[in-house]
Amino acid sequence: MKFLVIEDDLGHASLISSVLTTLFPGCVIEREAELAGVIARQAREEFTAVLSDLSLPDAEGLEAVRLLLEHLPTTPVIVLTALEDENVALQALEQGVQDFLSKQEILGRGAVGGDKLRRAIHYAIQRHEAQMENQRLVIQYTESQRLLEGKNRRLEQLCDTSQRFVDNVSHEFRTPLTVIKEYCSLIRDGVVGPVNDEQTNMLNVIDDRTDDLNTMVDDLLDVSRLESGLLGLCRQENDLSEIVDYLLPSLKRKADVRRTKLASNVPINLPNIWCDQE
């Protein structure tokens with residue numbers, strides 16, 4: 001273990017070092033009399049804990065606390081001072097020091113004071129490690145959230161692009177299909193000349209397949225809008241016979257084109273079905 005004692009009084013510094021050596025045999029103890037020396041050390045040394053007085057030649061009171069925490073952000077700081085001011089102690093703890101101890105209690109009470117200092121150092125290290133881990137987790141969470149938000153924005157852009165693509169393709173499909181259907185209708189109705197039964201049947205097939213393509217375009221749009229959340233299902237109770245009656249005319253037209261007979265037989269006592277009618 002390695003401790004930094006910040007104390008301008010040589011006598012107090014020697015007493016603190018003696019207590020630390022007794023509590024933690026083999027520990028390394030460094031001393032600074034001014035905050036300037038601490039700032040010079042911060043870039044090249046790490047300490048298990050820092051024990052600091054509040055009355056330093058170049059900083060005093062809560063200003064000393066602020067500067068210490070600013071320059072030693074990864075080291076637990078314990079204030080060990082002759083100043084017994086509860087208000088200052090509370091403010092120092094709020095700023096981030098791990099403990100606020102009286103020199104008289106620690107240095108003037110023998111083994112009892114030493115015991116209190118050992119516990120204070122032990123808990124200070126634990127609390128500081130927990131705080132560092134919490135900060136690491138917050139940073140990790142913030143970074144993960146930033147990445148997730150970026151991915152969400154990218155997905156939204158891709159979704160919008162996909163929706164625009166489907167809309168454009170659907171529009172481009174509908175235009176020639178409409179032309180095909182109109183010209184087919186004109187020919188079948190004899191506008192440009194008479195047609196025989198076989199030709200009429202072929203034109204009906206063309207018209208039917210054009211309707212199929214239009215239906216496929218509608219389905220493509222519906223699927224795209226469902227997946228993007230622009231269209232939702234509206235499930236409710238429906239009478240099956242009403243749905244069949246609605247579909248039957250178009251299905252019969254398709255059956256006629258294929259020269260197939262289509263029959264419908266829906267029992268009248270069927271229960272309602274739970275579905276989206278469309």
Side-chain angles (χ1 to χ4, degrees), residues 139-278:
I139 292 171
Q140 184 179 7
Y141 169 77
T142 303
E143 178 64 15
S144 298
Q145 188 177 38
R146 185 186 66 80
L147 291 173
L148 184 60
E149 288 173 352
K151 289 180 179 179
N152 284 340
R153 286 193 297 271
R154 177 60 178 159
L155 285 173
E156 287 175 359
Q157 291 171 356
L158 290 173
C159 184
D160 290 342
T161 301
S162 173
Q163 185 61 48
R164 287 196 301 271
F165 173 77
V166 171
D167 289 343
N168 291 337
V169 169
S170 300
H171 175 73
E172 295 301 323
F173 266 123
R174 289 184 190 281
T175 302
L177 288 175
T178 302
V179 173
I180 292 170
K181 193 171 179 64
E182 288 300 321
Y183 271 90
C184 180
S185 178
L186 289 172
I187 296 171
R188 185 178 53 201
D189 292 343
V191 175
V192 292
V195 293
N196 58 41
D197 291 342
E198 185 64 25
Q199 290 171 332
T200 299
N201 185 63
M202 289 181 177
L203 290 170
N204 287 336
V205 171
I206 294 172
D207 189 60
D208 177 64
R209 299 308 292 166
T210 303
D211 287 339
D212 286 343
L213 282 173
N214 266 317
T215 300
M216 289 173 64
V217 172
D218 289 337
D219 289 344
L220 179 66
L221 277 172
D222 286 346
V223 170
S224 175
R225 288 167 180 167
L226 279 169
E227 290 179 345
S228 63
L230 298 176
L231 181 66
L233 294 177
C234 180
R235 294 186 178 93
Q236 57 187 356
E237 285 194 354
N238 289 283
D239 187 333
L240 180 61
S241 62
E242 292 180 2
I243 296 176
V244 172
D245 289 343
Y246 175 78
L247 293 172
L248 207 55
S250 62
L251 293 175
K252 281 186 174 179
R253 285 196 300 271
K254 292 179 180 294
D256 292 340
V257 169
R258 292 169 174 78
R259 298 176 181 177
T260 301
K261 183 178 180 182
L262 179 64
S264 171
N265 181 13
V266 181
I268 60 174
N269 60 344
L270 287 178
N272 287 342
I273 58 173
W274 181 258
C275 68
D276 185 312
Q277 189 178 55
E278 290 299 317

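Given the structure is predicted, the values throughout are model-derived calculations rather than measurements. When a residue number appears, it is its place in the shown sequence, counting from 1.
- I268 contributes atom CD1, which lies 13.5 Å from atom CG of L240 (distance to the nearest 0.5 angstrom).
- Between N272 and D239, some side-chain heavy-atom pair lies under the 4.5 Å cut-off.
- In terms of modelled atom types and a separation under 3.5 Å, the side chain of T175 and the main chain of E172 share no donor-acceptor contact.
- Remark: side-chain polar atoms of N196 are paired, donor with acceptor, to backbone N or O of E198 under 3.5 angstrom.
- No side-chain heavy atom of N201 sits under 4.5 Å from any side-chain heavy atom of D197.
- Two residues are said to be in side-chain contact when any heavy atoms from C-beta on lie closer than 4.5 Å; N204 and D256 fail this criterion.
- Annotation for C234 and D276: closest pair N-OD2, 2.8 Å, computed over non-hydrogen atoms.
- Residues R154 and L158 meet the side-chain proximity criterion, which asks for heavy atoms closer than 4.5 Å.
- Between N214 and T178 there is no side-chain heavy-atom pair separated by less than 4.5 Å.
- Residues L203 and D207 fail the side-chain proximity criterion, which asks for heavy atoms closer than 4.5 Å.
- The minimum heavy-atom distance linking I187 with V195 is given by the pair O-CG1, 3.6 Å.
- Summarising the geometry, atom NZ belonging to K252 is positioned 13.5 Å from atom OG1 belonging to T260; distances are rounded to the nearest 0.5 Å.
- Within the 4.5 Å cutoff, side-chain heavy atoms of L248 are placed close to those of L262.
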**OP:** Test side-chain contact (heavy atoms from CB on, under 4.5 Å) on R209 and V205 and set out the steps.
**Re:** CA-CA 6 Å; R209 299 308 292 166; V205 171; 4.1 Å; yes

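- When the side-chain hydrogen bond (donor to acceptor under 3.5 Å, both in side chains) test is applied to K254, the partners found at least two apart in sequence or on another chain are D208, D212.
- Remark: the backbone N or O of K181 is not paired with any side-chain donor or acceptor of S185 at under 3.5 angstrom.
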Original post:
Would M216 and L213 satisfy side-chain contact (heavy atoms from CB on, under 4.5 Å), going step by step from the backbone distance to the final call?
Top reply: CA-CA 5 Å; M216 289 173 64; L213 282 173; 4.1 Å; yes

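- Listed by chain and number, the residues in a salt bridge (charged side-chain N to carboxylate O under 4.0 Å, His left out) with E149 amount to none (sequence neighbours excluded).
- S144 OG to I139 CD1: the interatomic distance, rounded to the nearest 0.5 Å, is 11.5 Å.
- In this structure, the separation between CG on L220 and OG1 on T215 is 12.5 Å, given to the nearest 0.5 Å.
- Residue R235 places its CZ atom among 12 or fewer non-hydrogen atoms of other residues, nucleotides or ligands, all under 6.0 Å distant.
- Considering CD of Q199 and CZ of R188, their distance stands at 13.0 Å, rounded to 0.5 Å.
- Taking both residues in full, the closest heavy atoms of C275 and N238 are given as O-ND2, 3.0 Å, listed atom of the first, atom of the second, then distance.
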**OP:** List the steps and the verdict of side-chain contact (heavy atoms from CB on, under 4.5 Å) for E237 and I273.
**Re:** CA-CA 5 Å; E237 285 194 354; I273 58 173; over 6 Å; no

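- The closest side-chain heavy-atom distance from R174 to D218 is below 4.5 Å.
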